[in-house]
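Below: one structure, written as structure tokens.
Bear in mind the structure is a predicted one, so any value in this text is a computation, not a measurement. Proteins come first, then strands; the chains are lettered A, B, ... in the order of their sequence lines, and each starts at number 1.
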Amino acid sequence: KDKHKEKEHKHKDHKKDKEREKIKHSNSPTRQFSVVSLNFRFLISLQICRLTVRPRERSPVAIKSEPEDDNGFYPSPKHNKATKRERDDDEEFEYKPKKVKVEHDKKAKKRKHEYEDDEEDEHKKKTKDKKATEGKKAKKQEEEKWKWWEEERYTDGSKWRFLEHKGPVFAPPYEPLPDKVKFYYDGKPMKLSAPAEEVATFFAKMLDHEYTTKDIFRKNFYKDWRKEMTSEEKSVITDLNKCDFREMSEYFKAQSEARKQMSKEEKQKIKEENERILQEYGFCIMDNHKERIGNFRIEPPGLFRGRGDHPKMGMLKRRIRPEDIIINCSKDSKQPKPPPGTKWKEVRHDNKVTWLVSWTENIQGSIKYIMLNPSSRIKGEKDWQKYETARRLKKCVDRLRAQYRDDWKSKEMRIRQRAVALYFIDKLALRAGNEKEEGETADTVGCCSLRVEHIKLYPKMDEQEYVVEFDFLGKDSIRYYNKIPVEKRVFKNLQLFLENKQPEDDLFDRLNTSILNKHLQELMDGLTAKVFRTYNASITLQQQLKELTSPEDSIPAKILSYNRANRAVAILCNHQRAPPKTFEKSMQNLQTKIDEKQKQLSAARKQLKAAKADHKASHDEKSKKAVEVKRKAVQRIEEQLMKLQVQATDREENKQIALGTSKLNYLDPRISVAWCKKWDVPIEKIYNKTQREKFAWAIDMAEKDYEF
DNA sequence: CACGCGACTTAGAACTTAGGTC
DNA sequence: GACCTAAGTTCTAAGTCGCGTG
């Protein structure tokens, strides 16, 4: 079946091919952004607009598109690398430890000791002079911020030597409804048994959600609900449509209202209790360092709501009991105790993994874990390593690109498919696309699992030749919609792949992620499909920052540039969000503020003019001062106005783009740190507290000349 | 090689809180 | 001091990818 006809024409320009030409489309193509001052080259060329609609908002309305030229968006791989290199550049994983193990242990012991002290303090102090203790504590913590990145890593595949924790926090037990809150069946009140009632409350709590009206949701819910019913209940309740949960729903609404109305003291009390639980369960000791745990609370029972069109939506997610829990800790640690009268499923001591607690979830049968916070050593090291791998890809990406271009001509079908898929992954930052079990999850795809129905080929479209239109649901059922011109060879290959296939057939029938990743592994150690996403995201940020930052810009303007660079990446990776519910309103509010500010400004200018005239007439000191005062006022207001305008632009551009995901997962933080240092932008403007904790390693080590 | 499983990263939405405004 | 919004935090679903097994 590997028939390959096709005479190749000379391609004129390789460089050009690498250049990204993305056509974005908009559902309301007429909409334009209100563009305010400053350097908008980027925005204008990129034309940030709505990419897709969420599936639930999806309408069969035709999607229009606007062609766009955006030269300079795609990261042209430059090799004008500065001569200076970081200490960790070059070899394999270049983690050069500054300290050796022995020292580490010593320091660690001291650390543990202090940790225990801390705990004791916590309990005794309470009433004592708070300020003094807090001050002391803060200082102490400051002094001993542990720089794990200066230490050696384990090379034997083990993740830790010592691990001690208190186990998970379970969901609070079910509290039956007060008798006055009734459930009605077929118009008649009906008292439910506790288990049936609990599951009913899950449904009641979701009543306002659209998905409780969906057939699949209702069917799944009803089926699982019946399993919790007594036999009498089962015989009475035979039709979900006759069930009236409204009173229950109202009750919960009132409850949450009441919670909001609680007095300060009550709220404070709850806060303190949460803090106590956090202190007790929210930390563990791993290799003698106290580390924050990410999710120490077990997921409470409820109704499963997958994203998109999920076949299992509405199913009962059952309550997790101690008997379901596997504890992982070190042998020589104090083992966590199960709640009185219960037992753990298992306690194991596996230092080849990083999790502390696990259980099997009943919807998909997958395993859930309790792991450490992103600020922990174990997560940080991995994160760092990820960016180092991406940087190694940078060094050989030209070679790889040349190779896959070459493979487009291969006489083997599987190689051509592999090469075209890789091209998409590289150019469009698509995900790998593992195959999924049909009917178990929402129907979403990535690159390798693309089907014929997901692409359309246009030999000619407007001015452009060889345009491919992508339209599919990706991870989280977020729609990916894009039209891009591709090289003739890619286009011809796609035509070939499509031959004699049905819409629901795989586009790449000779390819899957395993084959692809095996191939990538051969090209570069540690290379997998997702490294391309990391690489392209980070290199785009770096390149965009270079392009957008003007030295003479104010700090807010620089931050806008940063956000735009960030946005370019988010668009590349198709990170979208639903426009905030209050978006229009908040935009209006901001506009009102801007209008006011403008009025203020013209008033201030008038006053300045008057003062100047006054000074001209009198030439005395007093009037001179008055002019200065007014001048200052005008300047101040101008700045304020500028800030507001920048804010408005930023917000508008960001309407349905989510920056967080790329910032947290794809952008080498050292690029941002270096940028901040270079332009004297406080790091706090870019990373909030949590993010600074996660990226502490980068903040500590990156200098202003860091190059990704 | 197909398959399922296990571990871990990536993801957007829901919820909560802080800080500004009236 | 109440209220409102934006920012920050939490939640947990949904991916990726490697490994063992048959």
- Message: Rounded to whole Å, please give me the gap between CG in A/Asn654 and P in B/dG12.
- Response: 13 Å
- Query: A/Ala658 or A/Ser358: which one's nearest nucleotide on DNA chain B is closer to the 5' end?
  - Reply: A/Ser358
- Could you tell me whether A/Lys663 contacts a base, only the sugar-phosphate backbone, or nothing, with contacts defined as non-hydrogen atoms closer than 4.0 Å? nothing
With 3.5 Å as the limit, what N/O pairs link the protein to nucleotides 17-19 of chain B?
none

- Query: Aromatic ring centroids of A/Tyr480 and A/His454 under 6.0 Å?
  - Reply: no
- Task: Could you list the residues that satisfy side chain to side chain donor-acceptor pair (under 3.5 Å) with A/Lys317, not counting sequence neighbours?
- Result: A/Glu299
- Item | Contact list for residues 527-537 of chain A, test salt bridge (charged side-chain N to carboxylate O under 4.0 Å, His left out), sequence neighbours left out | none
- Got more than 12 heavy atoms from elsewhere within 6.0 Å of CD, A/Glu175? no
- Task: Assess the side chains of A/Asn563 and A/Asn654: does a donor N or O sit below 3.5 Å from an acceptor N or O?
- Result: no
- Task: Quick one: list whatever passes side chain to side chain donor-acceptor pair (under 3.5 Å) with A/Glu684, sequence neighbours left out.
- Result: none
- What side chain to side chain donor-acceptor pair (under 3.5 Å) pairs are there with at least one residue in residues 431-446 of chain A, not counting sequence neighbours? A/Lys312-A/Glu440, A/Asn434-A/Thr513, A/Lys436-A/Thr441, A/Lys436-A/Thr444, A/Asp443-A/Arg451
- Task: For A/Gln521, enumerate each residue passing the side chain to side chain donor-acceptor pair (under 3.5 Å) test, keeping only those at least two apart in sequence or located in another chain.
- Result: none
Using nucleotides 2-6 of chain C, report all nitrogen or oxygen pairs with the protein that are shorter than 3.5 Å.
unit_1: C/dT5; atom_1: OP1; unit_2: A/Lys585; atom_2: NZ; d: 2.9
unit_1: C/dA6; atom_1: OP1; unit_2: A/Ser586; atom_2: OG; d: 3.2
unit_1: C/dA6; atom_1: OP1; unit_2: A/Arg651; atom_2: NH1; d: 2.9

- Message: Quick check for you: among B/dA11, C/dT10, C/dT9, whose closest atom lies nearest to any side-chain atom of A/Arg292?
- Response: C/dT10
- Query: How does protein contact run along nucleotides 13-22 of chain C, one letter per nucleotide 5' to 3', with B for base contact, S for sugar-phosphate only, - for none, heavy atoms under 4.0 Å?
  - Reply: SBSBBS----
- What nucleotide, of C/dT9, B/dT10, B/dA7, holds the atom closest to the side chain of A/Thr690? C/dT9
- What's the CD1-P distance between A/Ile367 and B/dA7, to the nearest Å? 5 Å
- Any ring-ring contact (aromatic ring centres under 6.0 Å, His included) involving residues 644-671 of chain A? Give me the pairs, sequence neighbours left out, ordered by first then second residue. A/His575-A/Tyr666
- Query: Which whole-number value in Å describes the distance from A/Asn665 CG to B/dC8 C1'?
  - Reply: 12 Å
- Most 5' of A/Ile378 and A/Asn512 on DNA chain B, judged by nearest nucleotide: A/Asn512
- Query: Within this structure, what is the CE-to-P distance between A/Met371 and B/dA7, rounded to whole angstrom?
  - Reply: 8 Å
- Describe the nucleic acid contact of A/Pro374 in one word from base, sugar-phosphate, nothing, applying a heavy-atom distance below 4.0 Å. nothing
- Just jot down the ring pair (Phe, Tyr, Trp, His ring centres under 6.0 Å) partners of A/Phe245, sequence neighbours excluded, or say none. A/Phe183, A/Phe203, A/Trp225
- Note on the structure: Across all chains, not counting sequence neighbours, the side chain to side chain donor-acceptor pair (under 3.5 Å) partners of A/Tyr251 are A/Gln255
- Note on the structure: On DNA chain C, more 5' by nearest nucleotide between A/Asn688 and A/Ile298 is A/Asn688
- At under 4.0 Å between heavy atoms, what does A/Tyr666 touch on the DNA or RNA strands: base, sugar-phosphate, or nothing? sugar-phosphate
- May I have all residue pairs that pass ring-ring contact (aromatic ring centres under 6.0 Å, His included) and include part of residues 424-448 of chain A, sequence neighbours excluded? A/Phe424-A/Phe470
